[in-house]
Amino acid sequence: MLYLTLFICFITSILITPLVKKLAFKIGATDKPNQRKVHQKIMPRLGGLAIFFSFLIGYLVLQPDSKYALPILIGSIIIIITGVLDDMIELSAKIKLGGQLVATLIVVVYGGVQIDFINLPFGGKLEFGMLSIPITVLWIVGITNAINLIDGLDGLAAGVSSIVLITISGMAIMMGNVFVISMGFIVLGSTLGFLFYNFHPAKIFMGDTGALFLGYMISVLSLLGFKNVAVISFIVPVIILGVPISDTFFAIIRRIVKNQPLSAPDKSHLHHCLLRLGYSHRQTVLIIYGMSAIFGLAAVIFSKVQTMWGSFLVLAILLVAIEIIVEKIGLVDKTYRPILNMVRGLRLKN
């Protein structure tokens with residue numbers, strides 16, 4: 001039934017997307033080219049609405065049973081309303097954040113999706129107490145916006161989200177978490193159907209409607225899959241979401257280094273840097289897909305390592321690899337190359 005529902009969501013998304021495209025033009029939910037945008041013509045946004053409608057149909061077919069189901073659904077509707085309004089009239093950052101916070105608080109406070117504690121490696125557990133709600137809210141809002149930030153090229157956010165959902169669903173299968181498997185498959189099928197129209201050259205963009213919805217669902221599902229687990233295991237969802245988290249983290253570092261406001265837009269995200277290196281639009285997207293898949297594989301390996309030192313070794317290798325890639329492509333700044341300069345200095349000495 002799971003795979004049938006995934007297929008139903010996939011087909012539904014393919015059938016609904018052209019209708020949403022017409023609606024986007026009709027209500028003025030379009031994206032105009034400017035100096036920050038890669039596309040050269042007016043494009044319909046609102047594609048996330050097709051993903052959401054397909055998700056709803058899959059939800060009604062499968063009817064996943066969990067106390068978290070209804071709060072997640074209510075929160076997702078608020079996220080969709082926020083995204084649709086932003087795609088139509090471009091909401092201010094404060095109003096958009098307000099919509100995200102309302103959706104998040106519904107799933108956290110009413111739904112009870114909270115990180116209450118983490119089991120410590122050497123015994124005992126760290127209780128978060130009053131901090132459990134703010135920590136959970138920070139995670140959901142942070143990941144929601146991280147997915148939104150990578151939505152800069154045709155098929156990029158949809159493809160990366162699909163890879164993340166495959167990883168989350170796969171790990172949920174290994175852990176026997178039926179609800180996360182069900183919800184993951186529904187969202188995955190809906191996103192893959194939309195990707196049929198969104199891959200380069202895109203016929204429609206997902207807009208904030210899609211990016212916020214996918215970010216919201218991924219952040220909540222990743223929490224439910226690793227709720228109240230060992231501190232080492234809690235690193236797994238961070239690794240799974242390595243591409244959007246890394247891009248967001250280094251965007252913050254970049255703006256601090258350049259004394260710019262954290263909300264200041266720029267053309268120095270991961271996909272911009274790869275384009276500047278001479279890769280084509282499609283090559284850039286496929287490279288980032290590959291990076292996301294590697295993070296997913298690393299998360300699976302990390303979860304299977306039996307010893308703590310083995311876990312630390314996998315994490316250290318991953319962090320060094322990320323740093324080298326960041327320096328190589330100039331994600332922070334062209335002059336930021338501490339490890340590469342150190343390696344170069346050692347070569348010169350020899």
Side-chain angles (χ1 to χ4, degrees), residues 115 118-122 135 138-139 142-143 145-147 149-150 156-157 159-175 184 215 218-219 221-223 225-227 229-254 257 268-271 273-274 277 279 284-333 336-344 346:
I115 310 167
I118 290 179
N119 293 310
L120 298 173
F122 301 105
I135 288 171
L138 185 63
W139 171 266
I143 297 304
N145 284 285
I147 297 295
L149 280 176
I150 65 167
L156 184 55
V160 169
S161 295
S162 297
I163 293 166
V164 168
L165 286 164
I166 289 168
T167 309
I168 291 173
S169 301
M171 304 247 346
I173 289 170
M174 288 189 281
M175 296 169 72
I218 285 169
S219 63
L221 292 178
S222 63
L223 270 186
F226 301 91
K227 193 171 180 278
V229 292
V231 65
I232 294 298
S233 298
F234 193 70
I235 297 171
V236 172
V238 178
I239 297 174
I240 292 171
L241 289 154
V243 168
I245 288 176
S246 300
D247 196 27
T248 303
F249 174 76
F250 286 106
I252 293 169
I253 298 297
R254 183 170 62 249
V257 168
S268 297
H269 286 285
L270 176 59
H271 54 278
C273 292
L274 290 170
L277 287 174
Y279 293 104
T284 297
V285 171
L286 292 175
I287 287 169
I288 298 176
Y289 283 2
M291 289 179 180
S292 190
I294 289 169
F295 274 113
L297 181 62
V300 173
I301 294 170
F302 186 87
S303 69
K304 292 296 182 183
V305 174
Q306 298 298 317
T307 66
M308 188 181 301
W309 292 114
S311 298
F312 284 137
L313 179 62
V314 172
L315 193 59
I317 292 169
L318 201 57
L319 290 173
V320 171
I322 291 169
E323 177 63 23
I324 290 171
I325 291 169
V326 166
E327 293 178 24
K328 199 82 175 174
I329 67 173
L331 194 56
V332 174
D333 189 76
Y336 174 78
R337 299 163 69 91
I339 290 182
L340 292 178
N341 287 338
M342 182 178 71
V343 171
R344 187 184 177 191
L346 290 171

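Worth knowing before you read on, the calculation uses all heavy atoms, side chains too, and leaves out hydrogens, waters and symmetry mates. Computed from a predicted structure; not experimentally measured.
Qualifying side-chain contact (heavy atoms from CB on, under 4.5 Å) partners for Thr284, counting only residues two or more places apart in sequence or in other chains: Leu153, His271, Leu274, Leu275, Tyr279, Ile288. Every residue meeting the side-chain contact (heavy atoms from CB on, under 4.5 Å) condition with Leu149, not counting sequence neighbours, appears here in chain and number order: Thr248, His269. Checked against side-chain contact (heavy atoms from CB on, under 4.5 Å), Leu286 has the following partners two or more places apart in sequence or in another chain: Phe199, Arg282, Tyr289. Remark: Leu313 engages Ile317 in a side-chain contact (heavy atoms from CB on, under 4.5 Å) (not counting sequence neighbours). Applying the side chain to side chain donor-acceptor pair (under 3.5 Å) test to Glu327 and every residue at least two apart in sequence or in another chain returns nothing.
In this structure, Val160 and Pro244 have side chains that are in contact, with non-hydrogen atoms separated by less than 4.5 Å. Side chains of Glu323 and Pro338 form a contact here, defined as non-hydrogen atoms less than 4.5 Å apart. For the pair Val320/Ile324, a side-chain contact is recorded, criterion being any heavy-atom separation below 4.5 Å from C-beta on. A heavy-atom distance below 4.5 Å is found between the side chains of Phe295 and Leu318. Under the 4.5 Å side-chain criterion, counting only non-hydrogen atoms from C-beta, Leu270 is not in contact with Ile150.
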Test side-chain contact (heavy atoms from CB on, under 4.5 Å) applied to Ser222 and Leu241, step by step
CA-CA 9 Å; Ser222 63; Leu241 289 154; 4.2 Å; yes
Are Ile240 and Phe302 close enough, and set up right, to give a side-chain contact (heavy atoms from CB on, under 4.5 Å), and what steps lead you there?
CA-CA 10 Å; Ile240 292 171; Phe302 186 87; over 6 Å; no
Check your understanding: Can Ile143 and Ile245 be said to form a side-chain contact (heavy atoms from CB on, under 4.5 Å), step by step?
Key -> CA-CA 7 Å; Ile143 297 304; Ile245 288 176; 3.7 Å; yes
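Of all the heavy atoms in Gly330 and Cys273, the pair that sits closest is O-SG, 3.7 Å. Minimum interatomic distance between Ala299 and Ile239 (heavy atoms only, all atoms of both residues): N-CG2, 3.7 Å. Here the closest heavy-atom approach between residue Ile147 and residue Ser161 is recorded as CG2-OG, 3.8 Å.
Note that the CE atom of Met171 and the CG atom of Leu221 stand 14.0 Å from one another [nearest 0.5 Å]. The CD1 atom of Ile173 lies 12.5 Å from the CE atom of Met175; values are rounded to the nearest 0.5 Å. Separating the CD1 atom in Ile163 from the CD1 atom in Ile168 is a distance of 12.5 Å, to the nearest 0.5 Å.
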